[in-house]
Amino acid sequence: MRVAIGVEYAGNAFDGWQTQPGGKTVQDALERALAVIAQAPTKLVCAGRTDAGVHATTQVAHFDTVANRPLEAWVRGVNSHLPDRVGVLWAVEADEAFHARFSAESRHYRYVLLNRRVRPALMDGRVGWIHGSLDHEAMARAAECLLGEHDFTSFRAAACQAKSPVRFMHALRVHRQGDVVLFDFHANAFLHHMIRNLVGALVYVGIGRRPVEWMAEVLAVRNRTLAAPTFAPDGLYLCGVEYPQRWPLPGGGRIIAPPQLLLS
């Protein structure tokens with residue numbers, strides 16, 4: 001049968017999601033634990049591969065198995081064989097047509113940026129940080145040009161393997177909670193380093209290094225070299241995946257869990 005699972009992890013404890021020869025990725029850790037419960041090698045497919053240092057509050061993945069196990073075994077049983085900074089949240093039996101990546105209609109990410117004079121200690125590795133004062137209202141205005149369907153070549157990593165740079169941005173909100181600036185992204189899909197490159201450009205606007213209008217200019221020119229440097233991965237979280245309601249998933253397929261950290 002095909003099983004879908006929800007997973008959370010602290011990305012700074014791993015070398016990204018996708019399996020690597022060294023075996024220090026989230027996928028490697030999960031597949032080892034799943035193999036113990038299934039008593040056979042088990043391969044995972046995820047909704048969105050994350051880079052080293054990027055976290056997830058609700059990654060979605062699926063695997064196929066001939067092992068007859070109660071669903072709780074794929075949660076508590078698997079968790080008993082996982083390192084502390086990754087855990088399975090839920091498991092459901094899925095139709096064989098369900099695909100964690102290709103069945104997804106959209107993804108949600110949140111970037112958490114600490115904006116204060118001194119570096120973080122309690123949240124080290126869990127938030128981005130910039131000491132200069134940020135104008136979040138200017139960044140919010142600059143982000144408006146990113147809504148809708150666009151060619152995001154200017155915010156795409158050189159190593160990106162996506163066939164097309166065109167993505168549809170459903171929503172992008174920039175707002176402040178005390179010393180923290182939050183960037184909430186919702187799109188059909190994202191390119192490699194796209195969010196970190198967008199945050200880097202928006203920060204340029206926030207510190208006054210570039211005007212609000214510059215964001216639209218960079219988007220239109222489709223040239224990565226004219227944008228800002230890629231921002232740190234520390235504050236980036238995959239925090240939502242949306243699927244059609246026909247799949248038997250938590251929340252009717254709308255699986256969203258923004259990170260709260262110490263914000264409240």
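Below, each value reflects all heavy atoms present in this structure, side chains not excepted, and no hydrogens, waters or symmetry copies. Numbering starts at 1 and runs along the sequence shown.
Using a 4.0 Å cut-off between a side-chain N of Lys or Arg and a carboxylate O of Asp or Glu, Glu242 and Arg254 qualify as a salt bridge. Between Asp15 and Lys24 there is no salt bridge, since no side-chain N of the basic residue sits under 4.0 Å from a carboxylate O of the acidic one.
A ring-centre distance under 6.0 Å is found for Phe190 and Tyr109. Note: His62 and His99 meet the aromatic proximity criterion, with ring centroids under 6.0 Å apart.
Two residues are said to be in side-chain contact when any heavy atoms from C-beta on lie closer than 4.5 Å; Ile5 and Val7 meet this criterion. Residues Arg116 and His131 are not in side-chain contact: their nearest non-hydrogen atoms beyond the backbone lie 4.5 Å or more apart. In this structure the side chain of Arg141 never reaches within 4.5 angstrom of the side chain of Val205, judged on heavy atoms. You'll find the side chain of Phe63 stays beyond 4.5 Å of the side chain of Leu30, heavy atoms only. Using a 4.5 Å heavy-atom threshold, the side chains of Tyr111 and Leu182 count as separate. Taking 4.5 Å as the limit, some side-chain heavy atom of Leu113 sits within range of a side-chain heavy atom of Ile130. Side-chain atoms of Ile37 and Trp74, non-hydrogen and from C-beta on, do get closer than 4.5 Å to each other. Between Thr58 and Ile256, the closest side-chain pair of non-hydrogen atoms is not below 4.5 Å.
Cluster membership check: Val60 does not share its hydrophobic cluster with Val75, using side-chain heavy-atom separations under 4.5 Å among Ile, Leu, Val, Met, Phe, Trp and Tyr. Hydrophobic cluster membership is shared by Phe185 and Val54, with clusters built from Ile, Leu, Val, Met, Phe, Trp and Tyr side chains linked at under 4.5 angstrom. Using a 4.5 Å cut-off between side-chain heavy atoms of Ile, Leu, Val, Met, Phe, Trp and Tyr, with links allowed through other members, Val181 and Leu146 fall into the same hydrophobic cluster. Clustering ILVMFWY residues whenever any of their side-chain heavy atoms sit less than 4.5 angstrom apart, transitively, puts Val174 in the very cluster that holds Ile195. Linking ILVMFWY residues whenever their side-chain heavy atoms come closer than 4.5 Å, directly or via other members, leaves Phe183 and Val180 in distinct clusters.
In this structure a side-chain-to-backbone donor-acceptor pair under 3.5 Å is missing from Asn197 to Pro229. The closest donor-acceptor contact from the side chain of Arg176 to the backbone of Leu134 lies under 3.5 Å. A donor-acceptor pair under 3.5 Å is formed between the side chain of Ser80 and the backbone N or O of Gly77. Tyr243 contributes a side-chain N or O that, together with a main-chain N or O of Ala100, makes up a donor-acceptor pair within less than 3.5 Å.
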Give the intermediate values and the outcome of side chain to side chain contact (heavy atoms under 4.5 Å, CB included) for residues His186 and Ser106. CA-CA 7 Å; His186 176 205; Ser106 64; 2.8 Å; yes
Does Phe155 form a side chain to side chain contact (heavy atoms under 4.5 Å, CB included) with Arg196? I'd like the steps, not just the answer.
CA-CA 8 Å; Phe155 305 102; Arg196 291 167 58 192; over 6 Å; no
Handout entry: side chain to side chain contact (heavy atoms under 4.5 Å, CB included) between Ile255 and Trp90, worked out
Key = CA-CA 11 Å; Ile255 308 166; Trp90 50 263; 3.8 Å; yes
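Within 6.0 Å of the CG atom in Asp84, the count of heavy atoms belonging to other residues, nucleotides or ligands does not exceed 12. For Arg69, the CZ atom is densely surrounded, since the number of other residues' heavy atoms within 6.0 Å is greater than 12.
Contact between Ala142 and Leu202 at its shortest, heavy atoms only, is CB-CD2, 4.0 Å. Arg110 and Pro259 make their closest contact through NH1-O, 3.3 Å (heavy atoms, listed as atom of the first residue, atom of the second, distance). When all heavy atoms of Ser164 and Leu191 are compared, the closest pair comes out as O-CD2, 3.5 Å. The minimum heavy-atom distance between Gly23 and Asp28, with the atom names listed, is CA-OD2, 3.0 Å. Considering every non-hydrogen atom in both Leu238 and Gly48, the closest pair reads CD2-O, 4.0 Å. Scanning all heavy atoms of the two residues, the minimum distance from Ala33 to Leu82 falls at CB-CD2, 3.6 Å.
For residues 143-156, the pairs satisfying side chain to side chain donor-acceptor pair (under 3.5 Å) are Asp151-Thr153, with sequence neighbours left out.
Test His175, His108, Arg173 against Asp184 for side chain to side chain donor-acceptor pair (under 3.5 Å) and you get one pass: His175.
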